[in-house]
Amino acid sequence: MEINELFGILGVNARALAKGDLIVRSPMDGAEIARLRTDSPADVENKVALADDAFLEWRRVPAPRRGELIRLFGEQLRALKDPLGRLVSVECGKILREGLGEVQEMIDICDFAVGLSRQLYGLTIACERPGHRMMETWHPLGPVGVITAFNFPVAVWAWNFALAVVCGDPVVWKPSEKTPLTALACQALFGKALARFGEAPRGLSLVVIGGRGIGERLVDDRRLKLISATGSCRMGGAVGPRVAARFGRALLELGGNNAMIVAPSADLDLAVPAILFAAVATAGQRCTTLRRLIVHEDIHDDLVPRLKKAYRTIAIGDPLDAESLVGPLIETAVCEAMRDVLARAAGEGGTVFGGERVLEDRYPDACYVNPAIVEMPEQTATVAEETFAPVLYVMKYRDLKEAIAIHNRVPQGLSSSIFTTDLREAEIFLSAEGSDCGIANVNIGPSGAEIGGAFGGEKETGGGREAGSDAWKNYMRRATNTVNYSNDLPLAQGISFAQG
């Protein structure tokens, strides 16, 4: 299917994508697929102002009615899941099955948000004063700025957008400059939902196109009450303090250096495919990608050869080819970074398996690589860094306490897992003395989270939570209310303030 055909099906005006200063290339082959005009500072100002005006109206709409709009958006996504999933694959390089899975995440969060629109509950609180009722209420927060990364170009925005809209907040979205086309497609699909919905304010969903400077304008704008930003730890280190300086809220989803402990009792028939998917899916470009494998010394020599055998079967190639399991890295510069980090690991005593660039004769302007396994003598400085490429470091351990110490001894704290059939080991790993990550799993890998649970991590991962559970509270403000329905005015804490 031609790229312009995809644009037509999704409702994007292809002619508007032919002239501009931002060149968009597909990582599949490095070919130019569009040219977009980036937003000027005046454009950004106008869009944020439009979102601010929309908030004044949208906050008065009952939450179940707001949920109806998201229900209609979910219907549009269902109807056009295949073309949007294909566009995701073309623009960010993940295989089609993953592109379709990303759109399914959007559908799932819409379903979740529709139900949530009737469950924005507060509490009734016991009051110490007779004739009084105390409670908490939740109100829309205000316009939200969402900054997303290339690797999940639509799902992470949808996690924020669906909840924000039912909570009463318009959204201004800055997609990665590497993947702006999927954002424009989402805008077009939401426009169709708006047309079916009927009356709604302009400015509920707006996209700004550009690089770092555009993102900084959103970060510094006091009208955007929440900035939800996905990216590197370095990016979060810049965003967080700037938002805090203006007393805004920041929801940060940053890097992950995720590990799996494989215990002596582990079912290796389960562990091997779990490791394979977690380490190489999306060509190692997930924030939840498995990057460190901590294996008990008694099973290391059994597991690692089986894992290398599985790696040799990986089909690498065109992400739209049904046989492909691994597509390209986002750009050729990542190939160089991967080569450099493998050289560093080797210099620290590591033994490298794989990691070569492949298909270069067929795709000279793209970057396809064999995923790498690096057997390390210990957890070095290189291992403690996150490399956004398919590099899996393997280390040995003797006892669970040592394994957990290795596991936790990195700056990031997103996702983690253990493979064991020992109940005590599993429970220790999930306990306060176990994994220090926001996500901790048993007998499944660290990748592939469901939207029903809150997604996010600790330490330099940022501490934010998106998607399920009570993540909706990010997009609302809480008020504690006390109502006196008596004829007296008793004070709290028994204070007497009698006159005369």
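Judged by distance alone, the side chains of N258 and S415 never bring a donor and an acceptor atom under 3.5 Å apart. Side-chain contact annotation: T282 with E98, donor-acceptor N/O pair under 3.5 Å present. In this model, a donor atom of one side chain and an acceptor atom of the other lie less than 3.5 Å apart for W173 and T148. Between the side chains of Q187 and S205, at least one donor-acceptor pair of N or O atoms lies under 3.5 Å.
A salt bridge is absent between R217 and D221: the closest approach of a Lys/Arg side-chain nitrogen to an acidic carboxylate oxygen does not fall below 4.0 angstrom. A salt bridge links D220 with R242: at least one charged nitrogen is closer than 4.0 Å to a carboxylate oxygen.
In this structure, L489 and N484 have side chains that are in contact, with non-hydrogen atoms separated by less than 4.5 Å. In this structure the side chain of R249 never reaches within 4.5 angstrom of the side chain of L224, judged on heavy atoms. With a 4.5 Å cut-off on side-chain heavy atoms, L325 and V280 do not count as touching. Considering only heavy atoms from C-beta on, V171 stays 4.5 Å or farther from L206 through its side chain. A heavy-atom distance below 4.5 Å is not found between the side chains of L329 and Y368. Within the 4.5 Å cutoff, the side chain of L226 has heavy atoms near those of the Y475 side chain. Residues V172 and L218 are in side-chain contact: their nearest non-hydrogen atoms beyond the backbone lie under 4.5 Å apart.
Every pair passing ring pair (Phe, Tyr, Trp, His ring centres under 6.0 Å) that includes a residue from residues 446-466 is listed here, sequence neighbours excluded: W159-F455. Applying the salt bridge (charged side-chain N to carboxylate O under 4.0 Å, His left out) rule to pairs touching residues 110-120 yields R78-D111, sequence neighbours excluded. Sorted by first and then second residue, the pairs that involve residues 54-68 and meet side-chain hydrogen bond (donor to acceptor under 3.5 Å, both in side chains), not counting sequence neighbours, are E68-R71. Evaluation of the ring pair (Phe, Tyr, Trp, His ring centres under 6.0 Å) test over residues 219-238, restricted to residues two or more places apart or in two chains, returns none. Sorted by first and then second residue, the salt bridge (charged side-chain N to carboxylate O under 4.0 Å, His left out) pairs with a member in residues 20-31 form an empty list; sequence neighbours excluded. Sorted by first then second residue, the side-chain hydrogen bond (donor to acceptor under 3.5 Å, both in side chains) pairs that include residues 446-468, not counting sequence neighbours, are N160-E466, S228-E466, R286-S447, T288-S447, D436-K459, E458-R465. The salt bridge (charged side-chain N to carboxylate O under 4.0 Å, His left out) pairs that include a residue from residues 230-241 number zero, where partners must be two or more places apart or lie in different chains. Applying the salt bridge (charged side-chain N to carboxylate O under 4.0 Å, His left out) test to residues at least two apart or on different chains, the pairs with a partner in residues 33-52 are E32-R35, R37-D43, D39-K47, E45-R223.
S26 places no side-chain N or O within donor-acceptor distance of the main-chain N or O of G93, the cut-off being under 3.5 Å. S324 contributes a side-chain N or O that, together with a main-chain N or O of D318, makes up a donor-acceptor pair within less than 3.5 Å. Within the 3.5 Å criterion, the main-chain N or O of N257 finds a donor-acceptor partner in the side chain of R292. Looking only at distances, no side-chain donor or acceptor of K178 sits under 3.5 Å from a matching main-chain atom of C92. Side chain of K81 to main chain of V103: no donor-acceptor pair is present (N/O by atom type, distance under 3.5 Å, no hydrogens or angles). Between the side chain of S89 and the main chain of K94, a donor-acceptor pair closer than 3.5 Å is present. Although no hydrogens or angles enter the test, the distance criterion places no donor-acceptor pair under 3.5 Å between the side chain of S469 and the main chain of A471. For the pair E128 (side chain) and A492 (backbone), a donor-acceptor distance under 3.5 Å is absent.
With sequence neighbours excluded, no residue satisfies side chain to side chain donor-acceptor pair (under 3.5 Å) with T332. Taking R212 as the reference, E216 meet the side chain to side chain donor-acceptor pair (under 3.5 Å) condition, with sequence neighbours excluded. The side-chain contact (heavy atoms from CB on, under 4.5 Å) check on A244 picks up nothing, with sequence neighbours excluded. In this structure, the disulfide (SG to SG under 2.5 Å) partners of C367, at least two apart in sequence or on a different chain, are C335.
The cationic group of K192 does not satisfy the cation-pi geometry with F73, failing either the under 6.0 Å distance to the six-membered ring centre or the 45° limit from the ring axis.
Of all heavy-atom pairs between R291 and T387, the closest is NH1-O, 2.8 Å. Looking at every heavy atom in both residues, A185 comes nearest to L87 through CB-CD2, 3.8 Å. Of all heavy-atom pairs between A279 and T289, the closest is O-CG2, 3.7 Å. The two atoms that bring P153 and T182 nearest to each other are CB-OG1, 3.5 Å, heavy atoms only. Closest approach of E136 and I125 over heavy atoms only: N-CD1, 4.4 Å.
In this structure, F161 has its ring center under 6.0 Å from that of F190.
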Evaluation steps, side chain to side chain contact (heavy atoms under 4.5 Å, CB included), between W138 and R477: CA-CA 6 Å; W138 292 87; R477 62 178 179 85; over 6 Å; no
Could you walk me through whether L181 and T179 pass the side chain to side chain contact (heavy atoms under 4.5 Å, CB included) check? CA-CA 6 Å; L181 301 177; T179 53; over 6 Å; no
Given the rule in the side chain to side chain contact (heavy atoms under 4.5 Å, CB included) test, do C167 and L141 qualify, once you have shown the distances and angles that lead to the verdict? CA-CA 8 Å; C167 289; L141 179 65; over 6 Å; no
Please assess I109 against E105 for the test side chain to side chain contact (heavy atoms under 4.5 Å, CB included), listing each intermediate value before the final yes or no. CA-CA 6 Å; I109 198 65; E105 280 197 42; over 6 Å; no
